[in-house]
Structure formats: C-alpha cells, structure tokens
Amino acid sequence: MLVIATVLYGIHLKRRGFSARDQPTELEVLIARTMRNMAIPSSARTDENPWKGMDSPENLKEAREHFADHCAQCHGNDGGGKTEMGQNLYPKPPDMREVGTQHLTDGELYYIIENGVRLTGMPAWGDPHYIVQDDDSWKLVLFIRHLPHLTPEDIKDMESYNPKGKMETEDETEHMDMPHMNHK
C-alpha cells in the first residue's frame, strides 16, 4: 500500500513539477518535522540555557540586535517569517512565535541555531571547531522565547540592525545627497 501511495505521489509531483513557491503539503511538513526531530541528538534536547532567567533589557537588546542582523532576513524582525527571502524558501521558515517553535526545548533551539537543518534554508551558525558553547546562540534562544512579546518599538529598533545590500545603501546615500526643496 505504501509503495502504491509513493508511486502515485511521484506521478503527481512529476506532472505539477517542483517549485519553492508552493506551500508544503501536510505530508511534507510531517516528514520535515520528523527529520528535524530525528537530527537533534537526545543529549542536546535536555541542554539548559545558561542565560535562562537573565532576560534583562540589556541581554534582550543584544540578542534582538543579533537576531535582526543574522536571522531577520528569513524569519522577519517579528519572527513571523513573512519576508521576501523567507517566503521564497522551501519549506517556508516557521512562525517562531507559534507553538511549533515555542514548545521546542532550549537545547533543541540551540542545536538548530548551531547546526542548521538539512534540506531547508536554515544554515549552521556554529563554529564546528569551537568546543565551548556559544553565548550568542544561547542569547538567541532567550530572544526566541521573547518573540511573542515584542513591542512595536522593539521591531522598529531592529530595523536599524537589518543588513543592507549595496543597492539599498546606494539608494539611501543618493537620497541623503539630494538637495531638499521647500515648496511654499
């Protein structure tokens, strides 16, 4: 039965093709989550965040700036994943404010940040030769927990830390160099 279903699904995919613009099917989401969960070692699931309980305004601001600079291109400043790049990935980045991400353990989130997720757009940010745990990644875990509580001011602040491409920087420079005319 499974072989027949696989063959029929293969025929269906061959006819419609593959596109990153498509929404993943429920089966694809299930397979992707299962593969992600299988990829995380059981020992990593129980890792405790050394920064847990240290969500001071200073630590959250540092993590917010790091998230804006490294993660927001795909995940958005608000963690919702509704960005130009994020919406063109397959599978789409999860809404990190939702239960699916918020119910992951701190160790699972840390592992994903450090090691990435195969067959998705999630890169491995950790240094494979760095033996000591990365405080920046642990602070990102702390920030991910805070995503559902971001204020509009937090999101506005993050915009100044979002990376800018060459064209965007040139556009801003041209705009600043243009003489401003006062119309009366």
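Scope of the values below: all heavy atoms of this structure, side chains included, with no hydrogens, waters or symmetry mates.
- By the rule that hydrophobic residues join a cluster once side-chain heavy atoms approach within less than 4.5 Å of another member, Val141 and Leu150 end up as members of one cluster.
- Leu147 contributes atom CG, which lies 9.0 Å from atom NE2 of His149 (distance to the nearest 0.5 angstrom).
- Between the side chain of Arg45 and the backbone N or O of Thr105, no donor-acceptor pair lies under 3.5 Å.
- A 4.5 Å side-chain heavy-atom check between Asp78 and Asp95 finds every atom pair outside the cut-off.
- Trp51 and Trp125 fall within the same hydrophobic cluster, defined by Ile, Leu, Val, Met, Phe, Trp and Tyr side-chain heavy atoms under 4.5 Å apart, directly or through other members.
- Considering only heavy atoms from C-beta on, Asn77 stays 4.5 Å or farther from Arg64 through its side chain.
- Two residues are said to be in side-chain contact when any heavy atoms from C-beta on lie closer than 4.5 Å; His70 and Asp136 fail this criterion.
- With hydrophobic clusters built from ILVMFWY side chains whose heavy atoms lie under 4.5 angstrom apart, Tyr90 does not share a cluster with Val117.
- Formation of a donor-acceptor pair under 3.5 Å by the Ser160 side chain with backbone atoms of Asp157 is found in this model.
- Glu159 places no side-chain N or O within 3.5 Å of a backbone atom of Ala68 that could act as its donor or acceptor partner.
- Distance check, rounded to the nearest 0.5 Å: NE2 of His66 to NZ of Lys139 gives 10.0 Å.
- In this structure, CG on Leu142 lies 12.5 Å from OG on Ser137, to the nearest 0.5 angstrom.
- Asp154 places a side-chain N or O within 3.5 Å of a backbone atom of Thr151 that can act as its donor or acceptor partner.
- Side-chain atoms of Gln87 come within 3.5 Å of backbone N or O of Gly81 as a donor-acceptor pair.
- At most 12 heavy atoms of other shown residues, nucleotides or ligands fall within 6.0 angstrom of atom CG in Leu119.
- A donor-acceptor contact closer than 3.5 angstrom is absent between the side chains of Thr34 and Asn37.
- Heavy atoms from other residues, nucleotides or ligands lying under 6.0 Å from CD1 of Ile4 number 12 at most.
- Under the 3.5 Å distance criterion, the side-chain polar atoms of Asn115 are left unmatched by any main-chain donor or acceptor of Ala124.
- If you chain together hydrophobic residues whose side chains sit under 4.5 Å apart, Met35 and Leu27 fall into the same group.
- In this structure, Gln102 and Arg145 have side chains that are in contact, with non-hydrogen atoms separated by less than 4.5 Å.
- Side chain of Thr83 to backbone of Gln73: a donor-acceptor contact under 3.5 angstrom is found.
- Heavy-atom neighbours of Met54 CE from other residues, nucleotides or ligands within 6.0 Å: above the threshold of 12.
- Residue Lys52 places its NZ atom among 12 or fewer non-hydrogen atoms of other residues, nucleotides or ligands, all under 6.0 Å distant.
- In this structure, Asn49 contributes its side chain and Trp138 its backbone to a donor-acceptor pair below 3.5 Å.
- In this structure, NZ on Lys61 lies 10.0 Å from CE on Met158, to the nearest 0.5 angstrom.
- Residues Thr120 and Leu89 have side chains not in contact (no heavy-atom distance under 4.5 Å, counting atoms from C-beta outward).
- With Tyr110 as reference, Asp134 is the one residue of Asp134, Leu140, Ile144 to meet the side chain to side chain contact (heavy atoms under 4.5 Å, CB included) rule.
- Between Phe67 and Phe143, the two ring planes are tilted [angle within 30° to 60°].
- Here the side chains of His75 and Met122 are in contact, with some heavy-atom distance below 4.5 Å.
- Expressed to the nearest 0.5 Å, how far SG of Cys74 lies from NZ of Lys82 amounts to 13.5 Å.
- A donor-acceptor pair is defined here as one N or O able to donate and one able to accept, closer than 3.5 Å; such a pair exists between the side chain of Thr6 and the backbone of Leu2.
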